[in-house]
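Read the structure below first, then the notes.
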Amino acid sequence: MSQNPIAETIASLMPRAKAELTELVAFQSVADWAQFPKSESEGAANWVADALRAEGFQDVALLDTPDGTQSVYGFLPGPEGAPTVLLYAHYDVQPPLDDDAWVSPAFELTERDGRWYGRGAADCKGGFIMHLLALRALKANGGVPVSVKVIVEGSEEQGTGGLQQYAEAHPELLAADTIVIGDAGNFRLGLPTVTATLRGMTLVKVKIDTLGGNLHSGMFGGVAPDALAALIRLLDSLRSADGSTTVDGLASDAVWEGLQYPEVDFRADAKVLDGVGLIGEGTIADRLWARPAVTVLGIDCPPVIGATPSVHASAGALISLRVPPGVDTAEAIKLLEAHLIAHTPWQAKLELEVVGQGQPFQADTSSPAYASMAAAMQVAYPGQEMQVSGMGGSIPLCNTLTSLYPEAEMLLIGLSEPEAQIHAVNESVSPEELERLSVAEALFLVNYAESKRA
């Protein structure tokens with residue numbers, strides 16, 4: 001990285017950043033009290049609030065959101081007449097999954113092979129540290145040229161919508177000229193990228209009942225309707241033979257125009273086993289960023305160990321449907337529910353419950369903020385041009401903010417490049433990526449302030 005005062009300052013702050021990220025990762029802040037104590041999330045929220053106060057933020061508050069979690073807010077006033085920029089991250093994390101599969105403990109930041117490992121290191125506690133680094137560098141080099149609002153969410157991974165509901169009830173709170181969402185990532189390590197589209201999502205619980213109770217499979221099997229078999233047939237109806245998502249009435253043929261994702265790179269990033277085929281048709285980018293995708297997240301049924309020779313009376317599943325830009329999530333939910341009803345076999349009793357949802361997002365990449373970010377990234381990543389990509393994941397808050405503040409520009413950057421393996425075991429962050437993106441964000445704020453004065 002070519003040195004300039006901001007880059008030099010951030011380089012000098014990296015040991016502090018590692019120490020702070022170590023403290024923040026240590027909180028087991030999974031926003032599901034059935035799995036982890038609520039006190040862990042509260043501890044993380046308080047840590048974030050204290051960090052904002054230490055940087056001179058005003059009006060720092062723990063916002064009690066309707067889903068029972070807390071989001072952290074703070075305001076740092078800038079020069080008179082300066083634009084306002086909202087910086088977003090979230091402190092809640094995914095569960096560690098299989099503790100035994102982690103090379104080092106999930107909630108202990110551990111350096112290995114040039115990366116820092118720990119749950120939330122990239123997604124998205126590292127995103128908050130990125131914001132702090134950028135602001136500290138600006139303060140050390142003439143001051144922050146814009147007014148800054150920071151919002152750090154406490155339940156993004158759960159998709160329960162607490163912050164969205166809070167923002168809708170307090171529309172003035174997060175109003176800004178530009179919004180930087182620090183919860184995305186570069187398309188490839190070292191390749192500066194902004195994310196222009198996100199798929200929306202819905203989570204639907206499915207329960208099938210067929211009998212008053214389990215039955216002996218020898219005495220009743222072959223005639224009595226098995227709920228688990230019914231569930232398997234129902235779930236299979238959501239995919240065609242090649243693995244494409246097939247929800248009746250939901251289009252699955254859109255095309256992605258722009259940055260492409262070579263299959264060899266995708267297979268390596270996804271760690272697809274040798275000889276195993278990919279699912280769906282079209283380009284990788286089509287399937288990831290422009291089309292719907294259904295995933296069975298879990299199934300309620302007896303485990304193999306302890307299973308008995310029974311015809312099952314009940315079975316359930318949790319289904320995720322990712323919704324591409326251009327499709328309304330509410331309409332997609334209606335189509336999914338109608339599909340599930342129509343494809344439930346044997347007149348089995350079906351119960352459906354929507355437990356989470358968020359709209360897809362598409363940014364205006366022609367806005368002045370994108371030009372400011374492109375110039376900043378050229379400095380932070382010498383010799384590299386900023387790329388624009390999609391992302392298959394969902395950040396439901398983006399559409400809420402777009403609806404509340406239609407004139408605001410929105411950019412998505414972050415630390416979740418493919419090697420970060422977010423949501424998987426052994427999640428990690430590249431400290432070099434953290435450093436470069438912090439430089440880019442700081443320079444973006446300078447460029448953006450100048451563009452508004454011009």
Heavy-atom side-chain proximity of Leu86 to Tyr405 below 4.5 angstrom: no

Pair Tyr73 and Phe57, ring centroids less than 6.0 Å apart: no

Reported [atom1]-to-[atom2] distance for the pair [X] and [Y], which is rounded to 0.5 angstrom:
X: Ser29; Y: Gln70; atom1: OG; atom2: CD; result: 12.0 Å
X: Met14; Y: Thr9; atom1: CE; atom2: OG1; result: 13.0 Å
X: Leu173; Y: Glu168; atom1: CG; atom2: CD; result: 13.0 Å
X: Leu415; Y: Lys125; atom1: CG; atom2: NZ; result: 14.0 Å
X: Met377; Y: Glu441; atom1: CE; atom2: CD; result: 9.5 Å
X: Cys398; Y: Ile181; atom1: SG; atom2: CD1; result: 4.5 Å

Side chain Asp300, main chain Ala315, donor-acceptor under 3.5 Å: no

Mutual orientation of the aromatic rings belonging to Tyr88 and His90 [parallel < 30°, tilted 30-60°, perpendicular > 60°]: tilted

Partner of Leu203 under side-chain contact (heavy atoms from CB on, under 4.5 Å), chosen from Val354, Leu297, Ile319, Ile333: Leu297

Charged N to carboxylate O below 4.0 Å: is that the case for [X] and [Y]?
X: Arg136; Y: Glu20; value: yes
X: Arg115; Y: Glu111; value: no
X: Lys207; Y: Glu353; value: no

Under 3.5 Å side-chain donor-acceptor pair for Ser367 and Glu409: yes

Derivation of the side chain to side chain contact (heavy atoms under 4.5 Å, CB included) call for Val355 and Val204: CA-CA 6 Å; Val355 294; Val204 178; over 6 Å; no

